[in-house]
Every structure is written in structure tokens, then in C-alpha cells.
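Single-structure report; data block below.
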There are 2 protein chains.
Amino acid sequence: MNEKGKIPESQIAACSLIFLFKYLRGMLSKKTKYGIKALAFIASREDKKPVQTSEIAKSENISLKFLESILLSLRKSGFLGSKKGKGGGYYLIQEPENIKMTSVVRVLEGPIAMVPCVSLNYYEKCSDCPDEATCSVHALMIQVRDSTLNVLGGNTLYDLARVKKKA
Amino acid sequence: MNEKGKIPESQIAACSLIFLFKYLRGMLSKKTKYGIKALAFIASREDKKPVQTSEIAKSENISLKFLESILLSLRKSGFLGSKKGKGGGYYLIQEPENIKMTSVVRVLEGPIAMVPCVSLNYYEKCSDCPDEATCSVHALMIQVRDSTLNVLGGNTLYDLARVKKKA
DNA sequence: TTAAAACCCTATCGGTTTAGTAGGTTATAA
DNA sequence: TTATAACCTACTAAACCGATAGGGTTTTAA
């Protein structure tokens, strides 16, 4: 059919840019799940010394390499600091009680809203929907978003760390 | 740049498709979104006569064939009845005020919970998590689930139809 | 009876995201 | 200098989604 013609570099680059957009489904991704667990693990520590990735991975049953990439992105987002070399690891930059779960979820998972047209931080108009004011899905999802934001905003890393230490 | 020759038609088509995905991301599936819209459309009708798939598809900008499969599954789930032949279509079996959005979402989307270990109807133990009582993610997602259930359970098809008719 | 309208079913496809794996590089403390 | 641990890049198998295609079957009006 298409005689094996190569795709021009420019075309590949253009398409690759578009790949950046995320496509998310209803379930919480492992990335977010592990990220929250790791943060809670670090926050539940009495001392403030750096925690090694390997220790978290072992304790929380997370693939080491996968966890590495998650902690890295948490560091780049400003939640964690890191220290290289022996005795290094990751540590919290802010106090646990000041870290709301809304911001954690937004960084790890992306939009909290279930449809882009009700997203506060990632808003996008639906292509198929002519009028949001009379859209049934829009009206419903606004409510879902607000109640979720309420829960996530009402929980901090301090709260989650307490659950962990309850044991 | 493009001295390699022409870009195959198929590649252009592929890239165009990818571009479309930018506008499609979101956690709620199209199936659920369209399904809710279709139900609201039918519920907002004054008369109780069957509504044709083609009419809904046109009015709500939904692919006809895709909508067909959605309405079919809604019929099989007991939300809709159908009438074949000329003047046929789909109609609600129950009164709109008796149809909670929780049941609609469960049928179309599946579990409402964001992790299986907090799902009421689709519970599954996490393989990696030894103890739910001290799991930070579990504790958080229980709250998210309950608030979402609260919203979805508090809305019926009657409520959504009212939003639609507001126009 | 016949043809149109409408429902029903199956199969397939292209493309994306997830959840990793593998392997190497850089910085730091002892 | 050497062991340690963070950091970086590239790749992949599997699952899944939205959509399409194309054919049926059934019912009803004329």
C-alpha cells in the first residue's frame, strides 16, 4: 500500500509533541498510589534524615526502578529534596501539615476533574458540547469535582502519616 | 528538510488522529459521557414516545454507531426499553426521579471507587498492601469514594433532565 | 406483500497509556 | 578511592479506548 516511505523527521517531531498530552482513566494510577505511599512513609519518620528509595521500595512493595522515577518527579515538583551519595536519600521540604493532597494528586495524576470541561487547572472545552450551561454531564461533574476537591483539600500529608503510624 | 519524498497519506491521517486526542483526554469515558447525555435527552422529552437513536446522535453530536452500542447496553441493563420498526426507538422504563446516577455510572463506567480496595461493588484486595487499616491511600480513597457516592446518589435523571431543559 | 425504518451483533483497528525493565552516569560521604 | 545512592535515557509488552465496518434481523406502515 504505502511503499515503505519513511516519515520525515519534522513530521515525527510534530507528532511527538502531541504525545505529551495525557489520557487518563478513572482508576488511580499506580504512580499516584505509590507516590502517596512514599510521601506518607517519609512523613511518618520521626527523624528528618534522608530516606533511601530502596528502603521505601522494600517496605511498601514497590518496584525500585519505578519508585525512583516517581520520587524524582516529586523532587522536581518541589515536594522533596534529595541528597546524593552515601547516607543520601529523599526528605520532605515542607512540613507535612502544609502539604495538601490536592497538590500531590495534581502533580502525580494530573487533573482531578473527571472531564476537562469542569477542570479548574486543566480546563478544555468539549468539542461536541455546544453549551455547558445546559449540559447534564457538566452539571453533574461539577458537583463531583467539588466534593473530591473538598476531601483532598481537607487532608494533608500529616493526616496520612498518622494513619500509617496507627499500627 | 523533506528530501525523503512525500509523506504517506496514512501517516498524515495517523498524525491528525493523534492531534484529536488532545481534546479527548479526561477520566470519564466517552461511553459514560454519551450514555448520560442520551438518558438525559430521553428524560427531557415531554411525551413518552420512543426516541430514535439517530435523533439523539444528531442533537448531541455523537457517532451513530457508537451511540447504538451504548443504548443497547443501557437497554440490557434495564434502564431503557425499545421498540422496533417505523416510529420505534428507545424509552425510559422507570421514572426519571427514580434513576440514581450511581447506578447509571456503575453500569456504564464500572467501579466508582478510584482503587479496587475501597470499592463497594467491585472490591479487590491490593496485592502489594499488607494492611488496609494502616494504608494511607486506602484511608484517603475511602473518603473520596464516599463523597462521590453522595453526589451521584443525590442526583437522579430527573435532575439532569431539568438542567437540559433550562435552555 | 413489500420496503423502509429501526434495532441488533460481531469483528477489527489504530493508537495511547501504564507499569515497568535495563543499563548507564553523576555526585557525595567515608 | 571506593562504595553508595540519586539521576537520566531509552525501550517494551500488555491493556484499553474510541471508533468503524458491515452485515444482519425484526417490526410496522402503506
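Chain naming here is simple, since letters A, B, ... match the order of the sequence lines and numbering starts at 1 in each.
- Phosphate proximity of dT20(D) to Ser63(B): present, with a side-chain N or O under 4.0 Å from OP1 or OP2.
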Determine, for nucleotides 3-10 of chain D in 5'-to-3' order, which nucleotides have protein heavy atoms under 4.0 Å from the base (write B), from only the sugar-phosphate (write S), or from neither (write -). -BSSBB--
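- Atom CG in Leu28(A) sits about 11 Å away from atom P in dT18(C), given to the nearest Å.
- Taking atom CG of Leu64(A) as the reference point, atom P of dA22(C) lies 12 Å away to the nearest angstrom.
- With sequence neighbours left out, Tyr158(A) forms a ring-ring contact (aromatic ring centres under 6.0 Å, His included) with no residue at all.
- Scored by the ring-ring contact (aromatic ring centres under 6.0 Å, His included) test, Tyr90(B) finds no partners at all (sequence neighbours excluded).
- The distance between atom CG of Asn61(B) and atom P of dG18(D), rounded to the nearest whole Å, is 17 Å.
- Note: CD (Glu109(B)) to P (dC16(D)) measures 13 Å, nearest angstrom.
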Under the side chain to side chain contact (heavy atoms under 4.5 Å, CB included) rule, what do Leu64(B) and Leu67(B) come out as? Steps first, then yes or no, please. CA-CA 5 Å; Leu64(B) 178 66; Leu67(B) 184 58; 5.6 Å; no
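- A distance of 6.5 Å separates CD1 of Ile99(A) from CZ of Phe79(A), quoted to the nearest 0.5 Å.
- Ion pair Glu95(A)/Lys48(A) flagged as a salt bridge, since at least one NZ, NE, NH1 or NH2 atom sits closer than 4.0 Å to an Asp/Glu carboxylate oxygen.
- If you take CD1 of Ile70(B) and C1' of dC9(C), they are 16 Å apart, rounded to a whole angstrom.
- Here the P atom of nucleotide dA6(C) and the CD atom of Glu55(B) are 10 Å apart, to the nearest Å.
- Counting to the nearest Å, the P atom of dT18(C) and the CD1 atom of Ile62(A) are 17 Å from each other.
- Looking at residues 35-44 of chain A, you'll see that no heavy atom sits under 4.0 Å from any atom of DNA chain C.
- One interatomic measurement links the two molecules: CZ of Phe66(B) to P of dC8(C), which rounds to 17 Å at whole-angstrom precision.
- Remark: the Thr156(A) side chain and the Asp159(A) side chain contain an N/O donor-acceptor pair separated by less than 3.5 Å.
- His138(A) NE2 to Lys164(B) NZ: the interatomic distance, rounded to the nearest 0.5 Å, is 13.5 Å.
- Here Lys76(A) pairs with Leu72(A) under the side chain to side chain contact (heavy atoms under 4.5 Å, CB included) rule; sequence neighbours left out.
- By the ring-ring contact (aromatic ring centres under 6.0 Å, His included) test, Phe66(A) is found to be paired with Tyr34(A), residues two or more places apart in sequence or in another chain being considered.
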